[in-house]
Amino acid sequence: MTDTIVIGAGLAGAAAAWQLAERGHHVTVLERTTPANEHGSSHGSARIFRYAYPEQTYTDLVVRSKAGWDELQRTTGTRLIRPTGALDHGDIRNPSGLATVLEAAGVEHELLSPGEARARWPQFRFETDVLWHPGAGVLDAGGTVDAMLAAASATGRLEVRTSWPVARVERRGGGYRVHSATGEVAEADAIVVAAGGWLPALLGELSLPSAFLDQFPALEVRQEQAYHFPYREAEDAGTDADPWPTFIFKSRELQTYGLPGGRDADWRGQKVAQFNGGKIIDSALAQDGVVDAANRRALVAYAEAFLPGVEPEPYAETTCLFTTTPTEDFVIDRVDNLVVVSACSGHGGKFAPLLGELAADVLTGTGSVPAEFRVAAQAGARA
């Protein structure tokens with residue numbers, strides 16, 4: 001029997017395991033396949049790390065999370081965030097409003113006219129003012145999971161069990177018994193559930209009170225699609241000192257984001273995707289990995305119109321999972337000795353070290369989380 005089980009070895013689960021092991025807990029991670037596998041939301045080398053949010057709460061949390069990234073990179077000797085800077089533009093992105101939030105958080109930024117931005121980044125087309133903040137970058141999701149589990153393992157208090165698909169959790173005296181779909185059993189005093197896109201199928205099997213389940217926000221799982229567009233010129237790929245920036249573009253017609261593809265794209269292209277452009281599925285169990293042709297056409301048209309620095313024909317494409325609540329707020333909440341950490345994909349990667357810290361704080365009673373991450377608060381907001 002271990003004192004804590006973590007269900008799921010994606011970014012949130014690995015972060016929770018790392019934080020708990022550092023605090024002296026003996027942790028067993030139960031992963032249905034392998035850590036950061038391609039079927040979840042934490043694989044690959046290219047996720048956006050950014051500070052720009054319309055809500056002050058989230059920008060402040062990114063600032064707080066950066067300290068965790070710095071610690072993880074220092075203790076493991078790995079570079080997990082590649083600096084690129086970020087561009088925000090489009091008629092509903094509100095660059096000036098984002099600049100106000102960054103100013104309050106003390107985050108370096110510039111607000112540029114379309115002409116000023118075009119002169120600096122001719123590989124883009126801009127029609128509105130542009131927010132630039134140089135502290136943004138690209139985070140290595142798979143590498144981060146590996147680094148967190150390595151840091152936890154270095155404490156001597158971590159066990160990772162792979163090919164261990166959790167089927168249900170039952171209360172057992174003062175603790176919990178976890179059953180796998182293949183008949184295995186594991187027991188612990190406490191549990192952290194970080195099941196990502198599999199949570200909708202698992203939530204009712206966690207022995208949670210009906211009142212808590214009734215208040216739990218609806219989880220939307222989308223099978224999103226991303227495309228890698230090749231840079232027109234090899235030198236456009238940039239260097240470590242001057243790579244392409246990441247970007248977020250939001251207009252009334254289309255909302256997209258992009259970033260250097262890293263090793264996912266053989267370092268030779270920009271990864272571009274549409275926000276909420278994929279089909280809604282019941283859970284990760286229903287994903288089929290099929291890219292929608294209409295979505296591909298929409299992103300090719302976007303590249304033709306707004307990314308003159310790429311060839312508007314993707315050389316690679318993939319699907320991934322985004323799991324969100326109706327407000328896009330995370331869920332970090334506790335019932336007895338079970339903590340649910342969920343709906344963290346879509347925009348949660350940049351908070352990974354902090355998500356583990358918050359989960360450990362809630363489980364041990366040593367800290368709190370933002371009120372909007374609590375289930376009851378989200379139920380009240382919906383009401």
Side-chain angles (χ1 to χ4, degrees), residues 1-37 39-43 145-209 212-213 216 219 283-285 323 331-342 344 352 355-365:
M1 184 170 180
T2 186
D3 66 60
T4 307
I5 283 173
V6 174
I7 298 174
L11 283 166
W18 170 43
Q19 289 291 330
L20 288 164
E22 288 282 355
R23 300 183 191 194
H25 293 258
H26 292 269
V27 181
T28 299
V29 175
L30 305 178
E31 165 54 48
R32 63 180 296 113
T33 54
T34 56
N37 66 85
H39 302 294
S41 301
S42 300
H43 61 283
V145 170
D146 291 342
M148 288 175 168
L149 293 179
S153 182
T155 68
R157 293 185 288 270
L158 176 72
E159 177 187 0
V160 179
R161 300 185 189 178
T162 57
S163 301
W164 217 101
V166 171
R168 62 186 175 91
V169 176
E170 64 175 337
R171 293 298 304 266
R172 190 76 173 176
Y176 297 88
R177 175 174 288 176
V178 184
H179 298 263
S180 78
T182 53
E184 297 172 285
V185 172
E187 295 186 339
D189 299 319
I191 294 183
V192 175
V193 181
W198 284 269
L199 185 61
L202 185 61
L203 190 61
E205 306 297 330
L206 298 178
S207 293
L208 291 166
F212 183 82
L213 292 174
F216 205 92
L219 297 176
S283 77
L285 295 171
T323 307
V331 174
I332 304 177
D333 210 346
R334 173 181 175 176
V335 176
D336 297 324
N337 281 330
L338 187 148
V339 173
V340 179
V341 183
S342 188
C344 300
L355 294 173
E357 179 183 331
L358 294 175
D361 285 349
V362 170
L363 185 65
T364 60

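Here the structure is a predicted model, which means the values were calculated and not measured. Atoms considered below: every heavy atom in the structure, side chains included; atoms not considered: hydrogens, waters and symmetry mates.
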Is there a side chain to side chain contact (heavy atoms under 4.5 Å, CB included) between V340 and D333 once you walk through the steps? CA-CA 6 Å; V340 179; D333 210 346; 5.7 Å; no
Show the numbers, then the answer: is there a side chain to side chain contact (heavy atoms under 4.5 Å, CB included) between Y176 and R171? CA-CA 5 Å; Y176 297 88; R171 293 298 304 266; 2.9 Å; yes
Could you walk me through whether D3 and H25 pass side-chain hydrogen bond (donor to acceptor under 3.5 Å, both in side chains), step by step? CA-CA 7 Å; D3 66 60; H25 293 258; 3.3 Å; yes
Checking F216 against L199 for the side chain to side chain contact (heavy atoms under 4.5 Å, CB included) test, could you report, in this order, the C-alpha distance in whole Å, the side-chain angles of both residues, the deciding distance, and whether it holds? CA-CA 12 Å; F216 205 92; L199 185 61; 4.2 Å; yes
H43 vs T34, test: side chain to side chain contact (heavy atoms under 4.5 Å, CB included). Steps then yes/no. CA-CA 10 Å; H43 61 283; T34 56; over 6 Å; no
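Counting only distance, with no hydrogens or angles, the side chain of E31 and the backbone of A9 share a donor-acceptor pair below 3.5 Å. Without hydrogens or angle criteria, R334 side chain to L363 main chain gives a donor-acceptor distance under 3.5 Å. In this structure, R157 contributes its side chain and A21 its backbone to a donor-acceptor pair below 3.5 Å. Remark: side-chain polar atoms of S42 are paired, donor with acceptor, to backbone N or O of L11 under 3.5 angstrom.
Annotation: side chain of D189 is not in contact with side chain of N337 (no heavy-atom distance under 4.5 Å). Here the side chains of V169 and V193 are not in contact, with every heavy-atom distance at 4.5 Å or above. No side-chain heavy atom of V178 sits less than 4.5 Å from a side-chain heavy atom of R172.
Distance check, rounded to the nearest 0.5 Å: CZ of R32 to CD1 of I7 gives 11.5 Å. Atom CZ of R168 and atom OG of S180 lie 10.0 Å apart (nearest 0.5 Å). Rounding to the nearest 0.5 Å places CD of E184 at 9.0 Å from CG of L30. Atom CG of L219 is separated from atom CH2 of W198 by 14.0 Å, given to the nearest 0.5 angstrom. Here NE2 of H26 is found 8.0 Å from OG1 of T155. Values are rounded to the nearest 0.5 Å. With rounding to the nearest 0.5 angstrom, the CZ atom of R177 is 12.0 Å from the CD1 atom of I191.
Considering all non-hydrogen atoms of both residues, L213 and L208 come closest at CD1-O, 3.8 Å. Contact record, A195 with L202: CB-CD2, 4.2 Å, taken as the closest heavy-atom pair. Between V185 and R161, the shortest heavy-atom contact is O-NH1, 4.1 Å. Shortest non-hydrogen contact noted between G8 and V29 is O-CG1, 4.0 Å. Nearest heavy atom pair, residue V341 against residue A12, reads CG1-CB, 4.1 Å. Of all heavy-atom pairs spanning G10 and V145, the tightest one is C-CG2, 3.7 Å.
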